[in-house]
Structure formats: C-alpha cells, structure tokens
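For reference, the structure is listed below as structure tokens.
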Amino acid sequence: MTTSKAMQTEPPTSGLRFGRIPITNVQPVVSCGAFSAKAVPGQNVAVSATVFREGHDRLGVTAVLFDPRGKEVSRTRLVEHVGGTDSYSGWLTPASTGNWSFAIEGWGDLYATWQYNAGEVRFGR
C-alpha cells in the first residue's frame, strides 16, 4: 500500500516518495501548500488525486481523514472519474474546527482485478 499524506503544516514536496503505486496531484491544495484549505464544520470537502501503477491490475484508492489530534476519523473509497484516466475523487467531512488533515492511500485491488478479468472470460463450444 502507498500513502501520500497532505498536511497543512508541510510543503507538498516534503517526504515525496514514489513506490509501485505513485500518488500525485493531491487536492485540495491552496497556493502550492502555502495556505490551508478552509471548510465549515460539517461541510463536505472534495478530495482528489491521480493514482496509477504499472500493469493491468485494478487499483483501490481511499481518502483517510484525521482530526486535529491526528486520530483517524473516517475512511472513504474514492472513485475514478472516467475509466482509464487514473484520476480519483471523493468527499471528506470534518466535524469541528481545527487543523484537520487527510491522506490518500492506493493499493492493488485483487477483487476488482478478478472481477474485471472474469468478465472477459469466454467459454468455447
């Protein structure tokens, strides 16, 4: 599993590392990370990222929301905008004021890969 954590106190390039599943273009980011994204408690915040890998296996992508103490509060499965674009998005909802943060996780989804490949199976006569 690969994780890219977007925190408001770090520049977007700190800790940049690419593994087998690179995560890039994590949003929301304001002025290249110079300012924190703002939201009202209870307001849905759109999150997105570009996540890709080598090969033909399917990906799973999740956004994880952390409260101001760093405790995981929620986990949301992101969906691909258009098949083959590697661009995923979803919504997170902070419950109170404070310096919330989120992480984007990407992994090889074995079940989705099996399901996709099973749809291509053709039986001969």
Side-chain angles (χ1 to χ4, degrees):
M1 178 176 7
T2 303
T3 302
S4 174
K5 190 167 186 176
M7 297 196 74
Q8 295 149 348
T9 58
E10 298 178 2
T13 55
S14 70
L16 188 63
R17 189 184 90 192
F18 291 103
R20 292 189 57 179
I21 303 176
I23 300 171
T24 63
N25 195 27
V26 176
Q27 298 290 328
V29 172
V30 180
S31 296
C32 297
F35 301 101
S36 300
K38 307 286 186 204
V40 175
Q43 173 186 0
N44 290 334
V45 176
V47 295
S48 63
T50 301
V51 184
F52 55 95
R53 69 174 297 165
E54 83 289 342
H56 299 284
D57 289 350
R58 297 293 178 207
L59 286 172
V61 181
T62 303
V64 183
L65 182 63
F66 298 95
D67 69 12
R69 296 179 316 238
K71 180 182 175 192
E72 181 180 323
V73 175
S74 68
R75 182 176 289 269
T76 303
R77 182 80 181 251
L78 303 185
V79 295
E80 193 172 15
H81 291 290
V82 177
T85 63
D86 300 327
S87 181
Y88 294 82
S89 66
W91 300 93
L92 294 173
T93 308
S96 63
T97 59
N99 290 323
W100 292 71
S101 59
F102 69 98
I104 304 293
E105 299 177 339
W107 70 94
D109 189 333
L110 299 177
Y111 179 75
T113 300
W114 172 84
Q115 189 176 30
Y116 177 79
N117 291 334
E120 294 183 354
V121 172
R122 303 289 184 250
F123 294 100
R125 293 180 189 220

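We use all heavy atoms of the structure for the numbers below, so side chains are in, but hydrogens, waters and symmetry mates are not.
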Going by salt bridge (Lys or Arg N to Asp or Glu O under 4.0 Å), name the pairs with one or both residues in residues 77-103, residues two or more places apart or in two chains.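 Listed once each, the pairs are Arg77-Asp109.
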What distance do [X] atom [atom1] and [Y] atom [atom2] have between them, rounded to the nearest 0.5 Å?
X: Phe66; Y: Ser74; atom1: CZ; atom2: OG; answer: 9.5 Å
X: Ile104; Y: Thr76; atom1: CD1; atom2: OG1; answer: 9.5 Å
X: Leu65; Y: Lys71; atom1: CG; atom2: NZ; answer: 12.0 Å
X: Glu105; Y: Leu78; atom1: CD; atom2: CG; answer: 10.0 Å
X: Glu54; Y: Arg20; atom1: CD; atom2: CZ; answer: 4.5 Å

Please tell me if the side chains of [X] and [Y] come closer than 4.5 Å, counting only heavy atoms from C-beta onward.
X: Trp100; Y: Leu92; value: no
X: Val26; Y: Phe102; value: yes
X: Leu59; Y: Ile21; value: yes
X: Tyr88; Y: Ser48; value: no

Partners meeting salt bridge (Lys or Arg N to Asp or Glu O under 4.0 Å) with Asp57 (sequence neighbours left out):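 Residues passing salt bridge (Lys or Arg N to Asp or Glu O under 4.0 Å) with Asp57: none at all.
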Mind checking side-chain contact (heavy atoms from CB on, under 4.5 Å) for Asn44 and listing every partner two or more places apart, or none if nothing turns up?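 For Asn44 the side-chain contact (heavy atoms from CB on, under 4.5 Å) partners, ignoring immediate neighbours, are Trp91, Thr93.
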Does the side chain of Gln27 pick up a donor-acceptor pair with the side chain of Asn25 at under 3.5 Å? yes
Is it possible for you to say whether Val45 and Val61 belong to one hydrophobic cluster, with membership spreading through side-chain heavy-atom contacts below 4.5 Å?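 Per the 4.5 Å side-chain linkage, Val45 and Val61 are not co-clustered.
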Whether Gln43 side chain and Val40 backbone form a donor-acceptor pair below 3.5 Å: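 Yes; at least one donor-acceptor contact below 3.5 Å.
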Write down the atom of Arg53, the atom of Gly108, and the distance for their closest heavy-atom approach. NH1-CA, 3.3 Å
Tell me the closest heavy-atom pair linking Ala95 and Pro41, and the distance in Å. O-CB, 3.6 Å
